[in-house]
Amino acid sequence: FNGSAGEFSQMSEAVRLEVAEFCVKYVNKRIPVIVGSAAPGTGETIRFTQHAKDIGADGVIIINPYYCALSEEAIYQHYKAVTAAVDIPIILYNFPRFTGIDLSVDLIKRLALDFPNIVGVKDTVDTVRHTRDLIAAIKPLRPDFAIFAGFDEYMLETLIMGGDGCFPSGMNFAPHLATGLMKAVAQGDNASIVELQRQICLIPPMFGLETPFYSVLKEAVQLAGVGIESTHALPPALPLSDDKKAKVRETLKQIGVIK
């Protein structure tokens, strides 16, 4: 919760805290809860992280500071300060398209080996080469360090290479695809793997209907019958046109979410 798809960057501090508290309370320990606690400054990141721990979150995910161009040493010291201040499992979040900085394999490896409570990374990159190199560099030295794809369509490659899964936005409206793929890979069901991957690959073009994709995601969630009252996205994100709504509906039909 409070991740990229959760519109955290458009929220006030008060709303971010309210959303985190509501989600932890609503889930009520049925599954682990990970809260996004990133901010451009280290002090604010620590405050959001401490709040997540205080309300009972099981872990946090922290994208590196954005806007300012930072050296690798500055980013290392940022995460070091957070780990020292708050004892909670932390997942690194690498999303260079949004932050302008690509966390290098060497930096992530250094963080993984130096800080036991940094437990994994969400690698949202538009090439699996970076994820592949992370797996090769870190897994032999720290097998428990979890490496996740950030984009839905790279989940399969990540699993094949020895990674641990994905943070797929499609889970919000089509959970059967990602969970089905995980099961099919574990069972070696190649026919199901191919079919599920083909369906998953229909989702990213749908997300591309609007930038940012919040209104697309909420439209899909509502059509899937989750029961949200509104598809409103926080400004400056725009609402979907009727034409784009029709395209979302068609994609959901193709992937078996609606008839």
Side-chain angles (χ1 to χ4, degrees), residues 1-39 44-63 79 81-95 111-112 115-124 142-150 152 155 158-159 163-187 214 217-218 220-222 224-230 234 257:
F1 301 104
N2 283 348
S4 295
E7 302 178 272
F8 86 94
S9 58
Q10 272 90 293
M11 293 179 183
S12 67
E13 178 177 345
V15 171
R16 284 185 64 175
L17 299 180
E18 180 183 358
V19 168
E21 290 169 12
F22 170 83
C23 292
V24 170
K25 183 178 180 180
Y26 183 83
V27 173
N28 194 27
K29 297 296 182 182
R30 288 174 292 175
I31 58 172
V33 170
I34 299 170
V35 172
S37 61
E44 192 176 14
T45 301
I46 290 172
R47 289 194 295 274
F48 280 127
T49 303
Q50 184 64 56
H51 177 262
K53 180 180 180 180
D54 291 344
I55 64 175
D58 298 281
V60 293
I61 184 166
I62 304 178
I63 201 166
Y79 283 112
V82 178
T83 62
V86 188
D87 183 16
I88 191 172
I90 294 170
I91 297 175
L92 307 174
Y93 187 3
N94 183 37
F95 202 165
L111 289 166
F115 305 110
N117 60 326
I118 295 181
V119 298
V121 60
K122 176 184 177 183
D123 202 29
T124 309
R142 188 176 165 191
D144 68 310
F145 187 81
I147 299 175
F148 301 100
D152 298 52
M155 176 178 170
T158 300
L159 290 170
D164 298 274
C166 184
F167 280 71
S169 295
M171 281 289 288
N172 289 282
F173 54 86
H176 67 286
L177 295 181
T179 56
L181 184 59
M182 286 287 290
K183 182 178 179 180
V185 170
Q187 296 178 344
Y214 308 139
L217 182 60
K218 291 184 177 183
V221 168
Q222 190 176 71
V226 175
I228 59 172
E229 295 181 1
S230 171
L234 295 172
V257 173

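In this chain, residues are counted from 1 in sequence order.
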Nearest-0.5 Å distance that lies between atom [atom1] in [X] and atom [atom2] in [Y]:
X	Y	atom1	atom2	value
Asp54	Arg47	CG	CZ	13.5 Å
Ser12	Leu17	OG	CG	8.5 Å
Cys166	Asp123	SG	CG	10.5 Å
Asp144	Asp164	CG	CG	9.5 Å

(request) Please confirm whether the backbone N or O of Ile228 pairs with a side-chain atom of Gln222, one donor and one acceptor, at under 3.5 Å? (result)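 Yes; judged by distance alone, with no hydrogens or angles, the pair exists.
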Please name the pair of heavy atoms, one in [X] and one in [Y], separated by the smallest distance, quoted to 0.1 Å.
X	Y	result
Lys53	Asp87	NZ-O, 3.3 Å
Val257	Ala224	CG1-CB, 3.6 Å
Thr45	Ala38	OG1-C, 4.1 Å
Ala5	Leu217	CB-CD2, 3.6 Å
Phe48	Ser37	CB-O, 3.5 Å
Ala20	Val35	CB-CG1, 4.1 Å

(message) Is there a side-chain contact between Met155 and Phe148 in this structure, where contact means two heavy atoms from C-beta onward sitting under 4.5 Å apart?
(response)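 Not in contact.
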(request) Indicate yes or no: at least one non-hydrogen side-chain atom of Ile62 is less than 4.5 angstrom from one of Leu92. (result)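 Ile62 does not reach Leu92 side chain to side chain.
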(request) Could you go through the side chain to side chain contact (heavy atoms under 4.5 Å, CB included) check for Val33 and Phe1 one step at a time? (result) CA-CA 8 Å; Val33 170; Phe1 301 104; 3.7 Å; yes
(message) Against the six-membered ring of Phe8, is Arg16 placed for a cation-pi contact (under 6.0 Å from the centre, within 45° of the normal)?
(response)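 No.
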(request) Under the side chain to side chain contact (heavy atoms under 4.5 Å, CB included) rule, what do Asp152 and Met171 come out as? Steps first, then yes or no, please. (result) CA-CA 9 Å; Asp152 298 52; Met171 281 289 288; over 6 Å; no
(message) Using the side-chain contact (heavy atoms from CB on, under 4.5 Å) definition, which of the options Val121, Ile118, Ile90 pairs with Leu111?
(response)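 Exactly one candidate clears the test, Ile118.
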(request) Report the C-alpha distance between Phe95 and Lys122 in whole Å, list the side-chain angles of each, state the deciding distance to 0.1 Å, and finish with yes or no for side chain to side chain contact (heavy atoms under 4.5 Å, CB included). (result) CA-CA 8 Å; Phe95 202 165; Lys122 176 184 177 183; over 6 Å; no
(request) Evaluate the criterion side chain to side chain contact (heavy atoms under 4.5 Å, CB included) for residue pair His51 and Glu13; output intermediate values, then yes/no. (result) CA-CA 11 Å; His51 177 262; Glu13 178 177 345; over 6 Å; no
